[in-house]
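Below, all heavy atoms of this structure are taken into account, side chains as well, without hydrogens, waters or symmetry copies. This is a predicted model, so every value here is computed, not measured.
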Amino acid sequence: MSKLDENYFRTDDSSGAPEDIASMIPEDEKILWQGKPKKSAFVAGRVLGMLPFALIWLIFDGAFIALLCVFGAELPLPLIIGICVFFLFHLMPVWIWISNIVTANKMHKNIEYAFTDKRIIVKSGIIGIDFKNVFYADITSVNLKVGIIDRICKTGDIYIRSFAGATVVSDVENPYFLTEKLQKIVLDMKMDAAYPNDLRPKTNAGFNTEYKG
């Protein structure tokens, strides 16, 4: 067994937590693409995504609340308090929708994506900053979804499935181009792992991948 380096996990406390993707990239890793969601598409999705459901919910509960205001004087005080607490929780979809609107700008500011020659990195968060890494070897599928808002804003959502779960690169511009390139990288990585370039003959009737990292 090789000797362990006792200083391998030792850090400089003055460096602090990383705040951007570039600070997480080592020297032997290269960023192939880096970007953010298009703000208009991202904010519109947060506002309009739950709007029909939230409005229906609000109208339904609002009717009961209006009846309570009209006939509430005849009900016992403990019952009125109980009904108010019930509707406070029952209106949770509306509170979530309002929260989505309030936090949309903050979320967009903190979201960032990067495709490197080794992995996909997704930065996100509202209060704290989270970094999610998806290595190409673990990816099982890369699919594109373009909704109504995406068509208007000329964006799309790239759905990435891996052994660790699902990851969404949302509201990015040039979605067809990015999806095609990402699918090719994943294919090249998997084929190179199964059949390295150095072992391939000059003519090959199978896959013709070009990755030589």
Side-chain angles (χ1 to χ4, degrees), residues 18-25 29-62 91-136 138-189:
E19 295 185 356
D20 54 26
I21 289 178
S23 61
M24 296 188 61
I25 303 298
E29 188 171 1
K30 181 172 65 174
I31 295 178
L32 306 177
W33 175 85
Q34 188 171 1
K36 292 174 64 68
K38 188 174 182 179
K39 189 171 184 179
S40 58
F42 182 82
V43 173
R46 301 281 293 180
V47 173
L48 301 177
M50 287 185 62
L51 179 59
F53 180 73
L55 286 180
I56 293 173
W57 202 276
L58 183 60
I59 292 172
F60 181 79
D61 281 11
L91 283 167
M92 190 61 66
V94 178
W95 308 140
I96 294 174
W97 174 62
I98 294 174
S99 175
N100 288 342
I101 297 174
V102 173
T103 60
N105 284 327
K106 182 65 174 179
M107 285 192 66
H108 178 266
K109 180 181 178 181
N110 291 337
I111 292 179
E112 190 177 5
Y113 309 121
F115 301 160
T116 77
D117 55 352
K118 296 181 180 180
R119 55 182 165 159
I120 297 169
I121 305 174
V122 177
K123 172 194 166 191
S124 62
I126 299 178
I127 300 176
I129 300 298
D130 301 323
F131 290 90
K132 183 175 182 179
N133 297 279
V134 182
F135 290 89
Y136 295 121
D138 297 331
I139 294 176
T140 57
S141 67
V142 177
N143 299 298
L144 176 64
K145 180 180 179 181
V146 178
I148 297 176
I149 296 176
D150 291 314
R151 287 184 179 275
I152 296 173
C153 298
K154 298 181 180 180
T155 58
D157 302 330
I158 303 175
Y159 286 79
I160 302 162
R161 292 193 175 275
S162 67
F163 297 124
T167 303
V168 182
V169 178
S170 61
D171 301 314
V172 290
E173 298 181 271
N174 301 316
Y176 296 98
F177 173 80
L178 290 178
T179 302
E180 179 185 355
K181 291 295 184 182
L182 188 56
Q183 288 173 336
K184 187 176 187 309
I185 292 173
V186 172
L187 175 61
D188 287 351
M189 287 286 190

Scan the side chains in residues 165-178 for donor-acceptor partners under 3.5 Å anywhere in the protein, sequence neighbours excluded, and list what turns up.
{"residue": "T167", "atom": "OG1", "partner": "K132", "partner atom": "NZ", "Å": "2.8"}
{"residue": "S170", "atom": "OG", "partner": "Y113", "partner atom": "OH", "Å": "3.1"}

List, one per line, each side-chain donor-acceptor pair under 3.5 Å for residues 42-59, sequence neighbours excluded.
{"residue": "R46", "atom": "NH2", "partner": "N100", "partner atom": "OD1", "Å": "3.0"}
{"residue": "R46", "atom": "NH2", "partner": "T103", "partner atom": "OG1", "Å": "3.4"}
{"residue": "W57", "atom": "NE1", "partner": "H90", "partner atom": "O", "Å": "2.5"}

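Within 6.0 Å of atom NZ in K36, more than 12 heavy atoms from other residues, nucleotides or ligands are found, so the atom counts as buried in its surroundings. Open room surrounds CZ on R161; 12 or fewer heavy atoms of other groups in view lie less than 6.0 Å from it.
Between atom NZ of residue K39 and atom SG of residue C153 there is a gap of 13.5 Å, rounded to the nearest 0.5 Å. A distance of 7.5 Å separates NZ of K154 from NZ of K38, quoted to the nearest 0.5 Å. If you take NZ on K118 and CD1 on I25, they are separated by 9.5 Å, rounding to the nearest 0.5 Å. A distance of 11.0 Å separates CD1 in I121 from CZ in F115, rounded to the nearest 0.5 Å. To the nearest 0.5 Å, atom CH2 of residue W97 and atom CG of residue L91 are 12.0 Å apart. Remark: I185 CD1 to I139 CD1 distance equals 9.0 Å, nearest 0.5 Å.
Under the side chain to side chain contact (heavy atoms under 4.5 Å, CB included) test applied with Q183, the options D188, V142, I158 reduce to a single match, V142. Results of the side chain to side chain contact (heavy atoms under 4.5 Å, CB included) test with L182 over L187, I160, L32 single out I160 as the only residue that passes.
Residues Y136 and D117 share a closest heavy-atom pair of CE1-C, 3.9 Å. Looking at every heavy atom in both residues, I126 comes nearest to K106 through O-CE, 3.2 Å. Taking both residues in full, the closest heavy atoms of I129 and F131 are given as CG2-CE1, 3.6 Å, listed atom of the first, atom of the second, then distance. The shortest heavy-atom contact between A41 and T155 is CB-OG1, 3.6 Å.
Under the 4.5 Å side-chain criterion, counting only non-hydrogen atoms from C-beta, F135 is not in contact with F163.
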